[in-house]
Every structure is written in C-alpha cells, then in structure tokens.
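As the structure is a prediction and not an experimental result, all values here were calculated from the model. All residue numbers in this chain count up from 1 along the given sequence.
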Amino acid sequence: MKVYNTLTRKKEEFKPLVPGQISMYVCGPTVYNYIHIGNARSAIAFDTIRRYFEYKGYKVKYVSNFTDVDDKMINEAHAEGTTVPKLAEKFIDAFLADTTALNIEPATLHPRATHEIKVIIKFVQTLIDKGYAYEADGDVYYRARKFKHYGELSDQNIEQLEEGASEHINDEEQNRKEDPIDFALWKAQKEPDEIAWDSPWGKGRPGWHIECSVMSTKYLGKTIDIHGGGQDLEFPHHENEIAQSEAETGQKFVNYWLHNGFVTVGKDQEKMSKSLHNFVTVHDILKEVDPQVLRFFMASVQYRRQINYSEENLKQATTILDRFKNTLTNINYRLTDDTASEESAELAQAIDKTEQKFVAAMDDDFNVQNALTAIYDLLPIINANANAEKADKKNLQRFADKLTAWLLVLGVDTNKLCLQSTGSNDDEIEKLVKQRDEARANKDWATSDKLRDQLKEMGVTIQDTPQGTRWTRD
C-alpha cells in the first residue's frame, strides 16, 4: 500500500508504527460558523481514508480537534453579543449534526483547545526552557529559524518565508519579534473582557498552531502515523506544528503527511473559502440535497484532486448512485423469487477480479476513481445475470455484500440507498399492477397502457421482467 507524503513529495510504502494499528490526526474546524463544503471535503476525505483502513482490518485511533478559541471566535462572539464558549457549543453541535448527516464516523476523540490550557502552557514553557521560544510583552513566540528543518513541508526556504512574513505583520508586532518569521505560541490578552487564562507570561490564550501539537502528542504519542488536513494548512499551520512538536519531544512528529485538494466553485473554478465570501454551508446544502448524494460526490474524487462544486456534478453523482441502487434492487428482487439458481464460474471470477481491482486502486494512494471504475465495469454483467432465466443467486448475493462494503468505504449506506418507502396506497397499487398483468395476459394492450399511465401519475414506475412485474416509487 502506498500513500503520497507531502513532506517528501512522493508516494511511499505505508508502514504503521504498530502492525495492525494506525494513529491518525486530522485538523478540525474553528467553530465560529457552520462548516462550508470545503471544510466538509477534508472531513469526508479523511473519513474515507479511515474507513478504507478499517476495511483492510486496521484498528484506527482517529483524533480531530475543535479550535474553540482564536481571533475569529472572539470577533464573531462580540458581533453576536455572546461569549466564546457559547458560540463554540452552538457550532460544535452544528458540526456534529452536519457530519452525522454525511455519514462521517465520529472521531475516536474530539479534543478542544480550551480543555487543554494547562498542557499547552507546560508545552510552551518547555520550548522556552530549550531556547526555541521567548516571551515579549506577554506574548510568546517560536524562533522558527532555530529549527533547521523549517520550511521543508511547504518546500520553502528561509528567505522566501522572511519576505512573506514581512508583508503580513504590523510594526507593533514586528517590534516584539526577534525575527519576522517567528510565530505566536501564546497571545496576551488585549482587552479586559477578552477570554483569557492565567499563565507564567500573564493573562492570555494559546496561539492557533500550538493546540494541534499538544493534542496530537498527548492523545496519539510523540510520533504518529498520519497527519491530515487541507492543502491550505501546509503553511503555516502544519509547518509550525512540526517545528513545535519536534523541538519539544526531540523525535520525528509525523511519518506521513496527507493533504486533500480544494473545493472550487464557478466557471473560473475559484477556491471556496470564507475569506472570499464564496462559500456554501453544508447546513444550507442539506436542505435541498440528499446527504448521500453530497457525500458520494465529495468522496468519489481522489482526495488530493481538486473538486468543482456544481449542480451538474451533483446530478452526475445522483445518476451514478441510481445505477448502484437499481442494480441492488434487481438483485434483491431476483433473490426473493422462486426461480431456479445456476452457479456461474464466469460471474464468480468477475466479482473476484473486481475486488482485486478495487483493493489495488485504493492501495494506490486511495484512488477512488479507479476503484469505482472497476465496479462500474461489473454492473452490466451483474444485471445480465440477475435478469437471466437461471440466475446465480449465490454470487449475486456475494456481489451485493461486496458492493455494500465497497460503498461503505465511501460513506454510502446501501440500506438507506435502497430503502423502499411505503405508503397508505400500497394495496391500491398492488391491485392496479395485478389488473395490468391480467390485461397483458389477455393481450389487452390498451387497458395495459392505461393502467401503466395511471400508475405513473401516482408516482409509480413499472418494470416488466422475465420473473414478473416489479414496481417502485419514483
């Protein structure tokens, strides 16, 4: 199995620290608003990766944090006339509701920055004691230049970083820093009513980067297998995490860095972000879009590739899911009839070959597109057998079980996908279907067509198969 490591910029053979077990940390949201689909893309991408590891038999310890205090949260709480903790609770609940709707497995742990203040202070003090950090007017900064590997993850040199940093800091902050590229570990309280905690450097709060270093090492260990997040986190967030963590522990922080691609919108395929005000929240999308369609759409593209969000692409995802649904419906219908079964060596081999292709594709840096192609290619063979005079019911059932497992890796629940709704008029529908069957048996095509049209107006689709008439609600 190979994964693309951002740090080395190449695919590498994946070998976990502990055989059969995986430690995985994924940066979670800053909870000051509903998540947009760019945020959801990361959550879905790494949930799919996690699910595939579990499909392969690994035990995954998955930690994803909530950033529940920072400048954005303070500003938003002030704007809403509420407190930072109340704002955090509101949007943590919203995040959990949205991700549950998208069938994202809950993290093994969801630690929060505000619950780890004592550990964060201790971590920062260790960096000061080791000479990697310094206090300045109540703020604490990390000496980035002291860490010899700084810039390697994002493939930047110190000169590039220094030039970029100089353009983004004001004179007041520059005067406090020893070097423009130094970054904050602890921020002093600015206003008397601003949320803050006591520390050796005065009242303040943690910087954004330090919390992930603290929570990942606390809950997963000094060295972890996988650290994930969006491409926009490579610098400065993940770059800073490496510098902090390895300076504090003296050990390699992460063996494999994985980053998912952006979500874009519009004809110009502009990156979706809150700062550009072009985002669509999951909360709003789910009012109009089936959660399974949105989940499948987001999961069906290899995690490192860019996704363009559009109605057309959502419709395409719906069409593909309908193909899976119709195939499973065909199989389930055939399995319940009383016709004879006949084993097919060709069908058995086709299923085996598809499984091999699925695993090979997913083992190649989670290439879901190739994995899905392998499944698509098998569907005509499956449907042909399901409609044959003597179907191979044993292998049809085996395929149904396999497809259920494969789609679950992508977060699609086939039980929900194939759920046939019931209604108060089911008996009436059955009566009309029976009348139509009788009309067809008597070659009364006019009556047969009339009854089909009547059923269509009731939202019912009729399918004539060699094994009898089937009906489904539209």
Side-chain angles (χ1 to χ4, degrees), residues 26-51 62 64 66-68 72 76 80 87-107 110 229-230 260-266 269-301 303 306-325 368 372 404 407-421 459 473-474:
V26 176
C27 291
T30 300
V31 285
Y32 70 102
N33 201 337
Y34 295 106
I35 60 169
H36 60 66
I37 60 170
N39 307 133
R41 201 298 162 86
S42 184
I44 289 171
F46 289 101
D47 181 65
T48 301
I49 289 170
R50 172 192 184 176
R51 285 175 177 274
Y62 186 99
S64 185
F66 289 122
T67 296
D68 59 349
K72 293 175 182 176
E76 186 64 25
E80 290 193 16
L87 183 74
E89 288 299 326
K90 173 184 176 180
F91 287 115
I92 286 173
D93 288 345
F95 172 87
L96 295 174
D98 288 342
T99 53
T100 297
L102 294 173
N103 202 23
I104 295 172
E105 289 187 300
H110 269 304
N260 65 273
F262 295 130
V263 175
T264 60
V265 290
Q269 297 196 6
E270 184 179 48
K271 175 182 173 289
M272 179 178 290
S273 71
K274 290 175 182 174
S275 62
L276 295 175
H277 305 290
N278 64 354
F279 66 92
V280 184
T281 67
V282 174
H283 180 76
D284 288 335
I285 292 173
L286 293 182
K287 294 175 183 177
E288 300 178 357
V289 178
D290 183 338
Q292 293 227 99
V293 171
L294 182 59
R295 168 68 197 237
F296 180 71
F297 163 65
M298 301 289 277
S300 62
V301 177
Y303 77 100
Q306 180 175 292
I307 292 180
N308 185 245
Y309 179 78
S310 68
E311 287 189 16
E312 182 181 348
N313 287 338
L314 282 175
K315 287 178 181 177
Q316 185 178 9
T318 302
T319 299
I320 295 170
L321 280 179
D322 284 344
R323 287 185 64 194
F324 290 135
K325 176 180 179 179
V368 292
L372 285 168
T404 295
L407 291 181
L408 194 57
V409 169
L410 303 184
V412 175
D413 185 343
T414 55
N415 290 323
K416 294 179 181 178
L417 186 68
C418 298
L419 185 65
Q420 170 71 29
S421 61
R473 296 181 186 278
D474 295 340

Side-chain ion pair, D322 and K325, N-O less than 4.0 Å: no
Using side-chain heavy atoms (C-beta onward) and a distance below 4.5 Å, is [X] in contact with [Y]?
X	Y	answer
N39	P29	no
F297	I307	yes
M298	V263	yes
L314	V293	yes
L372	S300	yes
H36	V265	no
R295	I104	yes
I285	Y309	yes

Minimum heavy-atom separation for [X] to [Y], with atom names?
X	Y	value
E80	F91	OE2-CE1, 4.3 Å
F262	R41	O-NH1, 3.9 Å
L96	F66	CD2-CZ, 4.2 Å
V282	A40	CG2-CB, 3.7 Å
A299	T48	CB-OG1, 3.8 Å
L417	L321	CD2-O, 4.1 Å

Trace of the side chain to side chain contact (heavy atoms under 4.5 Å, CB included) decision for N103 with R51: CA-CA 11 Å; N103 202 23; R51 285 175 177 274; 3.6 Å; yes
Tell me whether [X] contacts the main-chain N or O of [Y] through its side chain, where contact means a donor paired with an acceptor under 3.5 Å.
X	Y	answer
S42	G38	no
E105	D47	no
N260	Y303	no

From CA spacing to verdict: side chain to side chain contact (heavy atoms under 4.5 Å, CB included), T414, F324: CA-CA 9 Å; T414 55; F324 290 135; over 6 Å; no
What distance separates [X] [atom1] from [Y] [atom2], expressed to the nearest 0.5 Å?
X	Y	atom1	atom2	result
Y32	E76	OH	CD	8.0 Å
Q292	L407	CD	CG	9.0 Å
K287	D284	NZ	CG	4.5 Å
H110	Y62	NE2	OH	8.0 Å

Full working for side chain to side chain contact (heavy atoms under 4.5 Å, CB included) between I44 and L294: CA-CA 10 Å; I44 289 171; L294 182 59; 5.6 Å; no
N415 and T404: CA distance, side-chain angles, deciding distance, side chain to side chain contact (heavy atoms under 4.5 Å, CB included) verdict: CA-CA 8 Å; N415 290 323; T404 295; 5.9 Å; no
